[in-house]
Amino acid sequence: MLQLNKDNNDVLALEACGFWSKYWDAQIPPENLREYLPHLTLILLSNMAYPNDDDLLADAEVIDAKEDESIPDRYQDLKPQLPCSDEDDDTCTICNLRKCSASALDVLSNVFGAKILLTFMPIIEANLSATGDEAWRDKEAAVLALGVIARGCINGLYPRLSEIVASLIPLLDHKFTLIRSTSCWTLSQFSKYIVQDSGNKKGYEQFDMVLTAFLQRISDTNKLVQGAACSALAILEEEAAEKLAPRLKEILQHLMHPLGEYQKRNLRIICDAIGTLVDAVGEELDQPVYVEILIPPLIQKWQNFSIFDKDLLTLLECFTSIVQALRSIEFSQFTEHLFSRCITIIEAQQQLAKAHPFSDKDFITCSLDFLSGLTGCFHNGIESLVLQSNLRDMLLKCCRDGAPDVRQSAFGLLGDLARVCPIHLHPRVPEFLYLVVKQLKIPKFEKTISVANNACWAIGELAVQVPQEISPFVATVISCLIPILHQSEGVVKSMVENSAITLGRLAFVCPDLVSPHMEKCMQSWCISLSTTRDGIEKEDAFKGLCAMVKANPSVAQSSLVYVCKAIASWTKIWSTELNTEVCKVMHDYQQSINVLADAY
């Protein structure tokens, strides 16, 4: 098999390379391979070097001689690259010997760990230090190999991490495109450990150098390197989080600078890096200087796309991440424009769907998600925009849509609007309620669990805001929630939490209607509440629980242990009003116990 891995017949060598993954899948004792490790790892490394006939290599040789950042992406540049599978035919350029060899090396590193390094690392080091243009393929393969074994061999590599990183950073400026791009990826595989070591002066300096190098490569004149740098930066951002705050302004400037020049594929990648940065630093971003750097270029890019351009989705997803971090007055100046554009997109897509029922729904779901984020973050500022638009009627259509993704996003926005401006849902609240309740009645809703989850949450928000309107639906909703609470172990945790919270909200606003059902669900309800995270929604649920204990003392008496367990699940009850109610419930329990004790 080792010989076949080196066969001149590419198809045969590729099949032989796939043997190693099958070997581990068969759970054959790994010790049987130990004596062959030095030979096997070197063969895999040799096969990881780009062959002369590789399409990417041919492109890169042309690209190294000129810049390509202004050349529009071809169709094949935009297609997702899929992993190898048995169904791939012999002409598959994605599933090639290089990638299969890298996959096999990854498996070896995870099985044998640092044991493969003794004979492997000297070859890697020799290839990395090689000079001359003719050695660049072996150098690039060595860089790739380091990234491949980064996770499995980290215990052996960690003592030399600083040295390894120091040897990779200069390669980000290498004359060959593929060495620059692969170096970005390999360094990103060590991000976790680079960030971990940044607590000391030397470690922070190296972290700073890696970050600076990634930012510089974002503006590389080659598209392949641009994309690799953006992806690598996103991984580093995720690990570094608040450590990025001191350099946030510089990072934003580097991300915004090439935005207008990037082609389609890299636009998607850089928007992902922006979204990851926003998630990583959170509220640190909510400062006027950062808003001014970040938002205008994104708005400019946004305005350049038609409402039917797929690239608009990339920006919508990016804006959705941003609005959750920015609540400042500086950002609010952009909300009207963004809100109006989303309304226009939804209207256009709903018109298009009349003629083409199977049209792409992503435009609608992304717009709804953005509006939901905008509503949740800008409570006061959003009400006037909703009033001036036909969002309510469009949202009702979305709640009826046949696509689960559209309904999921629609019910999420419905819940947000109910919390912020319920008055603008009138007079169509009963229609909304009919549709949300309908989602909980779907048999085996496991296939649309996310839709049911958002619908359940929306019912709870509507119950708090429009209790009079909810009354006719209470019995039906409870009949749907009780089975969920009884079978909580087989249901997604968030669905159980939302069901418990919604039941509590209904109990608080409609105690007389909910009380007759308590005998069937008090214990399972309390069990679910005991695992629900603390917060305002849990407070609402406990107000309902206290109301039910008062309204139905006999059921509460028989469920004493469960009620106490639910109350004990609080770390701290911040609401003075609720704290008083809970103390009263416990006092009433004590009184009733004392009465029983006296009777005996």
Side-chain angles (χ1 to χ4, degrees), residues 41 44-50 54 56-57 60 81 98-110 113-114 116-117 120-130 135-198 203 206-218 220 222 224-240 269 273:
T41 52
L44 293 175
L45 178 62
S46 175
N47 286 344
M48 285 164 62
Y50 274 109
D54 191 282
L56 187 59
L57 180 61
Q81 294 194 354
R98 167 184 163 86
K99 293 186 179 180
C100 278
S101 298
S103 178
L105 182 60
D106 179 36
V107 172
L108 283 177
S109 70
N110 281 284
I116 72 172
L117 297 179
F120 193 54
M121 281 305 290
I123 306 299
I124 294 289
E125 291 165 353
N127 287 357
L128 287 176
S129 61
W136 81 263
R137 289 182 180 83
D138 291 335
K139 185 190 288 283
E140 190 276 341
V143 174
L144 175 63
L146 275 176
V148 169
I149 66 175
R151 180 178 54 180
C153 296
I154 190 58
N155 290 335
L157 295 173
Y158 191 76
R160 301 176 57 188
L161 179 63
S162 178
E163 178 187 339
I164 291 170
V165 172
S167 69
L168 290 171
I169 291 174
L171 297 181
L172 295 173
D173 290 316
H174 200 277
K175 65 181 288 187
F176 282 98
T177 295
L178 295 174
I179 289 182
R180 298 201 303 277
S181 62
T182 303
S183 298
C184 286
W185 178 80
T186 292
L187 274 169
S188 75
Q189 302 308 294
F190 290 103
S191 288
K192 176 181 178 180
Y193 310 103
I194 293 171
V195 172
Q196 281 181 2
D197 283 355
S198 65
Q206 192 160 71
F207 161 72
D208 202 54
M209 289 173 65
V210 172
L211 176 58
T212 299
F214 285 166
L215 293 176
Q216 290 172 345
R217 292 280 65 82
I218 284 174
D220 199 283
N222 176 265
L224 186 66
V225 180
Q226 291 171 356
C230 288
S231 296
L233 179 63
I235 295 171
L236 185 66
E237 289 170 345
E238 212 165 11
E239 296 292 344
I269 300 173

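Keep in mind that what you see is a predicted model, and the values were worked out from it rather than measured. When a residue number appears, it is its place in the shown sequence, counting from 1.
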Listed once per pair and sorted, the side-chain hydrogen bond (donor to acceptor under 3.5 Å, both in side chains) pairs that draw on residues 140-153, sequence neighbours left out: R98-E140, E140-T182

Applying side chain to side chain donor-acceptor pair (under 3.5 Å) to D138 and not counting sequence neighbours gives none

Are side-chain heavy atoms of Y193 and D197 found at a separation under 4.5 Å? no

Would you call L117 and I149 a side-chain contact if the rule is heavy atoms closer than 4.5 Å? yes

Partner residues of A145 under the side-chain contact (heavy atoms from CB on, under 4.5 Å) criterion, sequence neighbours left out: L45, M48, L105, F120, I124

Which residue pairs satisfy the salt bridge (charged side-chain N to carboxylate O under 4.0 Å, His left out) criterion with at least one member in residues 227-238, sequence neighbours excluded? none

Using side chain to side chain donor-acceptor pair (under 3.5 Å) as the criterion, list what pairs up with N127, not counting sequence neighbours. none

Going by the rule side chain to side chain donor-acceptor pair (under 3.5 Å), which residues pair with T212 if we only count those two or more places apart in sequence or in a different chain? R247

For residues 183-192, which residue pairs qualify under salt bridge (charged side-chain N to carboxylate O under 4.0 Å, His left out), counting only residues two or more places apart or in two chains? none

State which residues pass side-chain contact (heavy atoms from CB on, under 4.5 Å) with S167; sequence neighbours excluded, sorted by chain then number. L128

Compare every heavy atom of G113 with every heavy atom of C153, then report the nearest pair and how far apart it is. SG-O, 3.2 Å

The single option from V143, N222, L171 that satisfies side chain to side chain contact (heavy atoms under 4.5 Å, CB included) with R180 is N222

Would you find a donor on one side and an acceptor on the other, under 3.5 Å apart, between the side chain of S231 and the backbone of A228? no

Distance (rounded to the nearest 0.5 Å) between L144 CG and Q189 CD: 10.0 Å

Using side-chain heavy atoms (C-beta onward) and a distance below 4.5 Å, is N110 in contact with D106? yes

Under the rule for side-chain contact (heavy atoms from CB on, under 4.5 Å), what residues qualify as partners of S129, not counting sequence neighbours? none

Under the ring-ring contact (aromatic ring centres under 6.0 Å, His included) rule, collect the residues that match up with F207, sequence neighbours excluded. Y204

E125 meets the side-chain contact (heavy atoms from CB on, under 4.5 Å) criterion, sequence neighbours left out, with M121, R160

Counting only N and O atoms by type, is there a donor-acceptor contact under 3.5 Å from the side chain of R217 to the main-chain atoms of C184? no

Check the angle between the aromatic planes of W136 and F176 and answer parallel, tilted or perpendicular using the 30° and 60° thresholds. parallel

Heavy atoms only: give me the nearest I218-C230 pair and the separation to one decimal. CG1-SG, 4.1 Å

Is there side-chain contact between L211 and L233, with at least one heavy-atom pair below 4.5 Å? yes

